[in-house]
Protein chains: 2
Amino acid sequence: MNANLDLLQTTQCLCLASRRAARAITRRFDKALRPHGIRATQFTLLSALKLAGPQPIGELAELIGADRTTLTRNLAVAAEQGLVALCQDEDDARAHIAAITPAGQRAVKKALPAWRLVQQELTEAMGKPAADSLRRVSAGPSLILFAARHD
Amino acid sequence: MNANLDLLQTTQCLCLASRRAARAITRRFDKALRPHGIRATQFTLLSALKLAGPQPIGELAELIGADRTTLTRNLAVAAEQGLVALCQDEDDARAHIAAITPAGQRAVKKALPAWRLVQQELTEAMGKPAADSLRRVSAGPSLILFAARHD
DNA sequence: GCAAAGTCAGTGTATCTGCACCTATTATCA
DNA sequence: TGATAATAGGTGCAGATACACTGACTTTGC
């Protein structure tokens, strides 16, 4: 029937594809990082904070492409575990600054070799062109602008 | 310092890239599907059920690359909304079969044009080669096998 | 200097995600 | 046939995600 012919297109759905890929990749990184006591999302958070330095929550959210309110809760978890610290901005009483703690730095340093191994294996498994393409897509302005559209 | 030089590699993290892409893409599809009362994940679920026919939960989970227990709960939400129905398998009392309901079929049919529009816009925004690459990666056996590794 | 508008972040609510563990049922084999 | 292994699925727990709304503070314009 016609309805099912139309539906066949949905097997190509980019939302399904991106989510399925993210789930599989996250599972793999989580598994490898587990012995080090942090999750893949936390590894991302900590390395971003280490590289970029103390950041207001909103800017950090934009940096890793997550919703600000999502980051608020992820930071609360990481703060609970002592991996990050939250403090008031001296200049602007509205802003809260997130910073990586010494314990957080130790955690990310300890986890780095495991991360690197999975990153290498995964790059090999999917092929370097595909890996480059994924990074380009996720980091490029097209996706960000695209997601922000309100039409 | 040396530690930060090492950390620079993590800006290339494929877990961050895949999650960031999935978040942005999901936000966009959710926004477009919202007027039709379903989410992107539900659209995926319903179209998969419509195309594949009634499925045991485990097989459906494998089909869309999600954890079985995740799907159990997503199906419960969809069942609550009357979009899918769950029933016992006649041959195997352990198995539960998920099937799309008439209401679910109406919902996915109603949402299809909106989905198609976003899919087209997104394909254009990221470029067809990148879209093909993403689908290949997410659907190919390499990722599935990769994620299942236990070493 | 003050009211209005803009900005920054937290909370309520709901969904998605998955590991560890559990129960129930079926298959296998001595 | 009865014990054991294998399989299908649910639950507890914890975290990730984001929209709508709110409160607090800052900036702007007069």
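No hydrogens, no waters, no symmetry mates; every other heavy atom, side chains included, goes into these values. Protein chains get the first letters and strands the later ones, always in sequence-line order, with residue 1 at the start of each.
Nearest nucleotide to the side chain of B:Ala93, out of C:dT26, D:dG10, C:dC19: C:dT26. Closest approach to the A:Val77 side chain among D:dT17, D:dA16, D:dC25 is made by D:dA16 (side chain taken as heavy atoms from C-beta onward). Each of D:dT26, D:dA20, D:dT7 was ranked by its minimum atom distance to the side chain of B:Arg94; first place goes to D:dT7. Side-chain atoms of A:Thr70 lie closest to D:dA18 of the nucleotides D:dA18, C:dC16, D:dG10. Minimum atom distance to the side chain of A:Arg34 is reached by C:dA20, of the listed D:dG9, C:dA20, C:dC16. In the set D:dT17, C:dA9, C:dT17, D:dT17 carries the atom at the smallest distance from any side-chain atom of B:Arg19.
The shortest distance between the side-chain N/O atoms of A:Asn74 and the OP1/OP2 oxygens of D:dT17 is below 4.0 Å. When the side-chain nitrogen and oxygen atoms of A:Gln81 are compared with OP1 and OP2 of D:dG15, one or more of them lie within a distance under 4.0 Å. An OP1 or OP2 oxygen of C:dA9 is reached within less than 4.0 angstrom by no side-chain nitrogen or oxygen of A:Thr72. For the pair B:His96 and D:dA8, the criterion of a side-chain N or O lying under 4.0 Å from OP1 or OP2 is not met. Dashed line: the shortest gap from a side-chain N or O of A:Thr69 to OP1 or OP2 of C:dG10 is not under 4.0 Å.
Of the residues near DNA chain C, A:Gly58 and A:Asp30, the one whose nearest nucleotide (by heavy atom distance) lies more toward the 5' end is A:Gly58. In terms of position along DNA chain D, the nucleotide closest to B:Arg68 lies nearer the 5' end than the nucleotide closest to the other residue of the pair B:Arg68 and A:Thr41. The residue among A:Arg39 and A:Asp67 whose nearest nucleotide of DNA chain D lies closer to the 5′ end is A:Arg39.
Protein atom CZ of A:Arg20 is 12 Å distant from nucleotide atom P of C:dG18, rounded to whole Å. Between B:Ile97 atom CD1 and D:dA8 atom P the separation is 11 Å, expressed in whole Å. Atoms CD (B:Gln42) and C1' (C:dT17) sit 15 Å apart, rounded to a whole Å. We find that CZ of A:Arg73 is positioned 12 Å from P of D:dC19, with the value rounded to whole Å. With rounding to whole Å, B:Asp89 atom CG is found 13 Å from D:dG10 atom P. Between B:Glu80 atom CD and C:dC16 atom C1' the separation is 16 Å, expressed in whole Å. What separates CG of A:Asp91 from P of C:dT7 is a distance of 18 Å, to the nearest Å. B:Arg27 has its CZ atom 16 Å from the C1' atom of D:dA20, to the nearest Å.
Residue-level contact check: A:Asp92 touches the backbone only, with heavy atoms under 4.0 Å from sugar-phosphate atoms and none from bases.
A:Lys128 and A:Asp132 are joined by a salt bridge, as a carboxylate oxygen and a charged side-chain nitrogen come within less than 4.0 angstrom of each other.
In this structure, B:Asp30 contributes its side chain and B:Ala40 its backbone to a donor-acceptor pair below 3.5 Å. Under a 3.5 Å cut-off, the side chain of B:Thr123 and the backbone N or O of B:Gln119 do form a donor-acceptor pair. Panel note: side chain A:Thr10, backbone A:Cys13; no donor-acceptor pair is recorded below 3.5 Å.
Inspection of the B:Gln42 and B:Gln81 side chains reveals an N or O donor paired with an N or O acceptor under 3.5 Å. Judged purely by distance below 3.5 Å, without hydrogens or angles, the side chains of A:Arg19 and B:Thr26 pair a donor atom with an acceptor atom.
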